[in-house]
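Just so you know, residue 1 is the first one in the sequence shown, and it goes up from there. Every value quoted in this text rests on a predicted model; they were computed, and no experiment measured them.
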Amino acid sequence: MTQIPSSHPFRPELAILRSGIAAGSALRRGVVVLGNFDGFHRGHQFLIRSARRIAADGRAVGVMSVEPHPRQVFCPEAAPFRLALPEQKHRTARRIGLDYLFEPVFDRAFAGMTPCAFIDEVLCRRLGVSHVVVGADFHFGAQRAGTTRTLAQECTARGIGVTVLPLQGGFSSTAARQAILAGDMRQARRCLGRPWEGVLDAGRLAPDQIRPPAGRYLVRTQRSAQAGPVRLDADGRILSPDSLPRRIEFLDRHD
C-alpha cells in the first residue's frame with residue numbers, strides 16, 4: 001500500500017477541484033505538487049512526502065493532475081497507456097490524505113498557455129499557492145517551454161517558493177508502463193509501491209487502461225487476501241473460475 005502520512009486535520013475529505021480554490025478558503029496559500037500523477041508511483045510519493053514537510057506549519061497540501069492526460073489529447077489514436085483511471089486517481093488521493101486534487105480540463109487552450117501565463121493564471125489566480133514542489137524533469141507551458149529554472153525564477157518573483165527534487169531511482173510512470181507491457185508485474189509493483197490495479201468493464205480491462213500481454217496471472221481482489229489465477233486474452237477479456245469485482249490487483253505472471 002501507498003505509505004504517506006495522513007493530511008492536516010482541517011480537511012476531513014479530499015476536495016476535487018476543476019476551476020480552482022475559492023477566495024478565503026483554507027486551501028489557499030497551500031503547497032501544491034505538479035505533475036501528471038498517472039499511477040501515484042513511488043517517485044510521486046516522494047514528492048508528496050516532501051510537500052508534507054514543507055507544509056508542516058498547517059498549510060494545505062494538494063496535487064495538480066490534468067484530465068484528460070495530455071497524451072490522450074495530442075495522440076488520441078495511441079494504444080491505451082494509462083496506469084490509472086480518474087476514479088482510481090481520486091481513490092488514491094483520498095487514501096493518502098491529500099487536502100485537494102486540482103483537476104483542470106486539459107485541452108489545446110490550456111496547453112497553449114505560456115509558462116508565465118500558467119504561473120499567473122493557474123498557480124496565482126486559481127490556486128493561490130505559497131509553494132510549488134516538482135521533480136527535476138518537470139516541464140510546463142506551451143511546447144513544454146517552461147523548465148524548473150523558469151519555474152523557480154518566475155515563481156520567486158511572485159513570492160511563491162519552489163522546491164525541485166531529484167528523480168528517484170527509476171520510479172516513473174514510464175518505467176511502470178514498460179514493466180506492465182512486458183508482463184513483469186513484480187517490477188510494476190516495485191515502481192508503484194503496490195500491485196498494479198486493473199479496472200474491469202463488462203469482463204474486460206477498461207479500454208483507456210494499459211493492457212498487459214495475454215497470458216495467465218495471479219490476481220487479488222479487495223474482498224479476498226488470497227490470490228487466484230486468471231487468464232487475460234489479447235482483447236482484454238479476463239477469464240476466471242470465480243466472479244470478479246470491478247477492481248483486481250495483478251500480482252505476478254503465472255504462465
Side-chain angles (χ1 to χ4, degrees), residues 1-6 14 35-49 63 65 67 69 71-72 78-98 101 135 167-255:
M1 298 295 288
T2 307
Q3 299 295 323
I4 298 179
S6 61
L14 171 75
N36 284 326
F37 286 89
D38 187 17
F40 274 100
H41 56 66
R42 291 173 68 180
H44 294 146
Q45 296 168 39
F46 173 72
L47 297 179
I48 294 170
R49 284 194 297 270
V63 156
S65 175
E67 283 293 342
H69 191 287
R71 192 186 299 184
Q72 292 174 286
F81 67 91
R82 292 192 62 143
L83 295 169
L85 303 180
E87 66 184 71
Q88 296 170 288
K89 180 170 61 175
H90 299 168
R91 191 172 63 252
T92 301
R94 288 189 179 95
R95 185 173 69 236
I96 66 179
L98 289 172
L101 175 64
L167 302 182
Q168 296 300 297
F171 300 135
S172 68
S173 298
T174 298
R177 291 186 193 111
Q178 290 173 342
I180 292 168
L181 289 174
D184 189 347
M185 310 315 292
R186 292 187 180 186
Q187 179 60 23
R189 182 173 187 165
R190 282 190 285 270
C191 290
L192 295 171
R194 64 193 184 283
W196 177 70
E197 181 184 80
V199 175
L200 301 187
D201 182 359
R204 287 181 169 86
L205 288 176
D208 286 341
Q209 202 170 22
I210 194 170
R211 187 173 296 172
R216 290 172 57 82
Y217 292 87
L218 285 176
V219 303
R220 183 174 64 196
T221 69
Q222 293 294 322
R223 67 192 185 198
S224 174
Q226 187 171 0
V230 301
R231 192 180 82 211
L232 172 64
D233 284 349
D235 64 356
R237 182 177 293 278
I238 299 284
L239 301 177
S240 170
D242 304 310
S243 63
L244 294 173
R246 179 169 168 78
R247 309 194 313 265
I248 58 175
E249 295 178 332
F250 282 71
L251 304 180
D252 201 358
R253 195 159 184 174
H254 194 51
D255 287 344

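- Although no hydrogens or angles enter the test, the distance criterion places a donor-acceptor pair under 3.5 Å between the side chain of Arg177 and the main chain of Phe81.
- When side chains are defined from C-beta on, Leu205 counts as touching Leu232, because their heavy atoms get closer than 4.5 Å.
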Exercise for the section: Determine, step by step, whether Ser65 and Leu101 satisfy the side chain to side chain contact (heavy atoms under 4.5 Å, CB included) criterion, reporting the C-alpha distance in whole Å, the side-chain angles of both residues, the deciding distance to 0.1 Å, and the verdict. Expected result: CA-CA 7 Å; Ser65 175; Leu101 175 64; 4.1 Å; yes
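- Note that the CZ atom of Arg204 and the CG atom of Asp201 stand 9.5 Å from one another [nearest 0.5 Å].
- Within the model, atoms NE2 of His90 and CD of Glu67 stand 6.5 Å from one another, a figure rounded to the nearest 0.5 Å.
- Here the side chains of Arg42 and Leu192 are not in contact, with every heavy-atom distance at 4.5 Å or above.
- The CD atom of Gln88 sits 9.0 Å away from atom CG of Asp38, with the distance rounded to the nearest 0.5 Å.
- Put simply, the side chain of Phe40 does not reach to within 4.5 Å of the side chain of Arg91, judged on heavy atoms.
- Nearest heavy-atom pair across Pro229 and Ser240 is O-OG, 4.3 Å.
- Note that the CD atom of Gln209 and the CG atom of Leu200 stand 9.0 Å from one another [nearest 0.5 Å].
- Between the CG atom of Asp252 and the CD atom of Gln187 there is a distance of 12.0 Å, given to the nearest 0.5 Å.
- Pro213 has its side chain within reach of Arg253: a pair of non-hydrogen atoms, C-beta onward, lies under 4.5 Å apart.
- Rounded to the nearest 0.5 angstrom, Thr92 OG1 and Phe37 CZ are separated by 12.0 Å.
- Closest approach of Leu14 and Leu98 over heavy atoms only: CD1-O, 3.5 Å.
- Between Ala234 and Ala214, the shortest heavy-atom distance links the atoms N-CB, 3.8 Å.
- Here the side chains of Met185 and Arg189 are not in contact, with every heavy-atom distance at 4.5 Å or above.
- Side-chain contact check for Arg82 and Gln72: at least one donor-acceptor pair (N or O, by modelled atom type) lies under 3.5 Å.
- Taking the six-membered ring where tryptophan is involved, the planes of Phe250 and Tyr217 are perpendicular, since the angle between them exceeds 60° and thus also 30°.
- The pair Arg231-Asp233 meets the salt-bridge criterion, since a charged nitrogen lies less than 4.0 angstrom from a carboxylate oxygen.
- Nearest heavy-atom pair, Gly39 versus Ala84, reported as atom, atom and distance to 0.1 Å: N-CB, 4.1 Å.
- Looking at Glu87 and Arg246, a side-chain N of the basic residue comes within less than 4.0 Å of a carboxylate O on the acidic one, giving a salt bridge.
- Closest approach of Ala188 and Ala176 over heavy atoms only: CB-O, 4.4 Å.
- Counting heavy atoms from C-beta outward, Leu83 and Ile180 have side chains that approach closer than 4.5 Å.
- A heavy-atom distance below 4.5 Å is found between the side chains of Ser173 and His41.
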